[in-house]
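Worksheet: one structure, shown below.
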Amino acid sequence: QVQPVESGGGLVQAGGSLRLSCIVSGRTFGNYAMGWFRQGPGKEREFVAAISGLSASTFYADFVKGRFTASRDIVKNTIYLQMHSLKPEDTAVYYCAARDYLPISRISSDYRYWGQGTQVTVSS
């Protein structure tokens, strides 16, 4: 059973930083892509970032470019989302998701396995 589990959310002031982690159990890190999505209050779930488990190539939503960085640790079967310059509009539940395939994607339906989410709240 493949299961992503997120951690690292919390309350932070605007301009602050947080690092989210997602450990994936049930499979060996490698030939598949991982993604970060978020869902704010009253909003649809949206793509944040994606990373290839093999090459570590990344892709970001325009609204996080230059502020968020996705990375992965193959040994630890873990991906990270380092978030800087946080804004109140970044407040959301952040989800980690895993594909069955290598190409990174911004489409949520391309991801088969989802974590339970971790809350990020940015105060103004």
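Numbering starts at 1 and runs along the sequence shown.
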Expected output: side-chain T78 to main-chain D73 donor-acceptor under 3.5 Å: no
Side-chain heavy atoms of Y32 within contact of I104, under 4.5 Å: no
Between CD on residue Q82 and CG on residue L20, distance to nearest 0.5 Å: 8.5 Å
For S105, side chain to side chain contact (heavy atoms under 4.5 Å, CB included) partners two or more places apart: R99, I107, D110, Y111
Exam field: side chain R106 to backbone F47, donor-acceptor pair closer than 3.5 Å: no
Evaluation steps, side chain to side chain contact (heavy atoms under 4.5 Å, CB included), between R45 and Y95: CA-CA 9 Å; R45 186 174 296 185; Y95 297 91; 3.7 Å; yes
From CA spacing to verdict: side chain to side chain contact (heavy atoms under 4.5 Å, CB included), V120, T91: CA-CA 5 Å; V120 172; T91 294; 6.0 Å; no
Distance, nearest 0.5 Å, that separates CG of N77 from CE of M34: 9.0 Å
Pair Y80, R19: side-chain N/O donor-acceptor within cut-off below 3.5 Å: no
Backbone N/O of V93 and side chain of R38: donor-acceptor pair under 3.5 Å: no
Electrostatic pair K87:D90 at N-O distance under 4.0 angstrom: no
Non-hydrogen side-chain atoms of I79 and C96 separated by less than 4.5 Å: yes
Check: S55 side chain, S52 main-chain N or O, donor-acceptor pair, under 3.5 Å: no
Q3 and Y113, any side-chain heavy atoms less than 4.5 Å apart: no
Inter-residue atom distance W36.CH2 - I51.CD1, 0.5 Å rounding: 10.5 Å
Cluster link Y60 to F37, ILVMFWY, side chain under 4.5 Å: no
CD on Q116 to CD on E6, rounded to 0.5 Å: 4.5 Å
Smallest separation among heavy atoms of S124 and A14, with atom names: CA-CB, 4.3 Å
Interatomic distance, T118 atom OG1 to L18 atom CG [nearest 0.5 angstrom]: 8.5 Å
Student check: side-chain heavy atoms of L54 and L102 closer than 4.5 Å: yes
Separation between OH of Y94 and OG of S7, rounded to the nearest 0.5 Å: 15.0 Å
T121 side chain near V12 side chain, heavy-atom distance below 4.5 Å: no
D100: salt bridge (charged side-chain N to carboxylate O under 4.0 Å, His left out) partners, not counting sequence neighbours: R27, R112
Path from L81 to I23 over hydrophobic side-chain contacts below 4.5 Å: no
Criterion side chain to side chain contact (heavy atoms under 4.5 Å, CB included) on L86 and F68, from CA distance to verdict: CA-CA 9 Å; L86 283 162; F68 293 8; 3.8 Å; yes
Enclosure of F63 CZ (heavy-atom neighbours >12, cutoff 6.0 Å): yes
